[in-house]
Amino acid sequence: MTHPSTLARPALTEPGDRAVRPSRAAHSLPSAAVTALGLFAAVRLAGLVVLAATAWATGKHPVALLARSWDSAWYLGIAAHGYGRTLFFHPTVVHSDLAFFPLYPALVRAVTALTPLSGGTAGLLVSWLAAAAAVCGVYAIGARLHGRAVGTALVLLWGLLPHSVVLSMAYTEPVLTAFAAWALYAVLDGRWLWAGTLAALAGLARPNGFTVAAAVLAAAAHTIWRNRGKVSHRLWTGAALAPLGWGGYVLWVGHRKGDLLGGYFEVQRLWGSRFDLGLGSLRFVKHLLLHGDRFVFPMTVMIVAAAVLLYALLIADRAPLPLLVYSGVLLLIAVGGSGFFESKPRFLLPAFPLLLPLARALVRTARARPWHATMVVGALAGLSFAYGAYLVVIAHTPL
């Protein structure tokens, strides 16, 4: 039976004016989402077992690796002491903690203030709870668009990505994905105030969190154009709220650095991160082709190339506009940004809509040839678990 709230809201249209209507599976969200969440927890737990065995075999502590690797140490430092840490390596290489957005360390600090947990444990708790919320949002979108089975397959594929080990670490990708998924769901459901609020929070989570605001604004502009400006005040308010989180932090950093509009981007430049339309990425790929490098770098090239192909399939599949904008801008940042080439797959972790075409194909395969689908999932699991352990324990490469 269709919920009355669905009838009261006009459905957002996809490119080509196909209406996005919630499937019946979307209304059985709680119980079905629990099943998807259990499946996600099972595959991530299996990945953690492999990681822990690898860590112990090499004389390392798995919890320390999960809680305090690379950027995690910066976030935990902000949570414990606030902003103010700067490392000077060279006049053109200066690492300031102002490059890290405030929402995740604020959540960690709140947990440490309210519980006896240490910073690292609190960081893992925040990430794991955020991953659970993200799973429910990812499932909700998949189920709404294509049914319960696709929603579950979408969650499974997201949990088996090569870099999905990051979803179990004290990193910000789970937090961003949680706010992004539910903001996108709110847009599809016409709940503009929720969409704008969640987009603002996503913008406080990570530098690429503004992609959620871009999706909300694009969907709002499309709705305004389609309805010739006759829209509710909730849409205008939601659209106005969406960019406030990201924009507010960027301006705060700019004010602190004495350059309101450029201060934050100067901080990022001194970290080696800037947007150069992909020139830095092309130079690095050229280096790989001519000289070779560690395993993580050619894997990065393959993962990013696969993401580009999946985005083309998502367009061909006529996905809803907000999902196309959100995934497209995330992909543009990953491809067009320079610096920390090996981190690009992590930057793409929140781009879960890219997996929708694969989720639909997996469901079709499971119905026609269950054994083939089982082999595919098994191969993905083996790659995810082994590569995740390699990244965290052995590679010694920034995530």
Considering residues at least two apart in sequence or located in another chain, which fulfil the side chain to side chain donor-acceptor pair (under 3.5 Å) criterion with [X]?
X: Thr92; value: His90
X: Asp71; value: Arg346
X: Tyr171; value: none

Check Lys257 with Asp259, please: is the shortest side-chain N to carboxylate O separation under 4.0 Å? no

Given 3.5 Å as the limit, does a donor-acceptor pair link the side chain of [X] with the main chain of [Y], or not?
X: Trp182; Y: Ala133; result: yes
X: Trp158; Y: Leu349; result: yes
X: Lys344; Y: Gly337; result: yes

Would you mind listing every salt bridge (Lys or Arg N to Asp or Glu O under 4.0 Å) that reaches into residues 193-211, with sequence neighbours excluded? Glu173-Arg206

Tell me, please, which residues at least two apart from Arg360 pass salt bridge (Lys or Arg N to Asp or Glu O under 4.0 Å). Asp317

Contact check, side chains of His95 and Trp74, non-hydrogen atoms, under 4.5 Å: yes

What pairs of residues pass the side chain to side chain donor-acceptor pair (under 3.5 Å) test when at least one of them lies in residues 102-128, not counting sequence neighbours? Tyr104-Ser127, Ser118-Thr121

Hydrophobic clusters join Ile, Leu, Val, Met, Phe, Trp and Tyr when side-chain heavy atoms are under 4.5 Å apart, directly or via other members; which others share one with [X]?
X: Leu241; result: Leu244
X: Trp371; result: Met375
X: Val94; result: Phe88, Leu270

Mind listing the side-chain donor-acceptor pairs of residues 379-389 below 3.5 Å, one per line with the distance, residues two or more places apart or on another chain?
from	atom 1	to	atom 2	distance (Å)
Ser384	OG	Leu161	O	3.1
Ser384	OG	Ser164	OG	3.1

According to side-chain contact (heavy atoms from CB on, under 4.5 Å), who are the partners of Val377, at least two apart in sequence or on a separate chain? Leu156, Leu160, Leu362

Side-chain donor-acceptor pairs of residues 321-328 under 3.5 Å, sequence neighbours excluded:
from	atom 1	to	atom 2	distance (Å)
Tyr326	OH	Pro350	O	2.8
Ser327	OG	Leu323	O	3.0

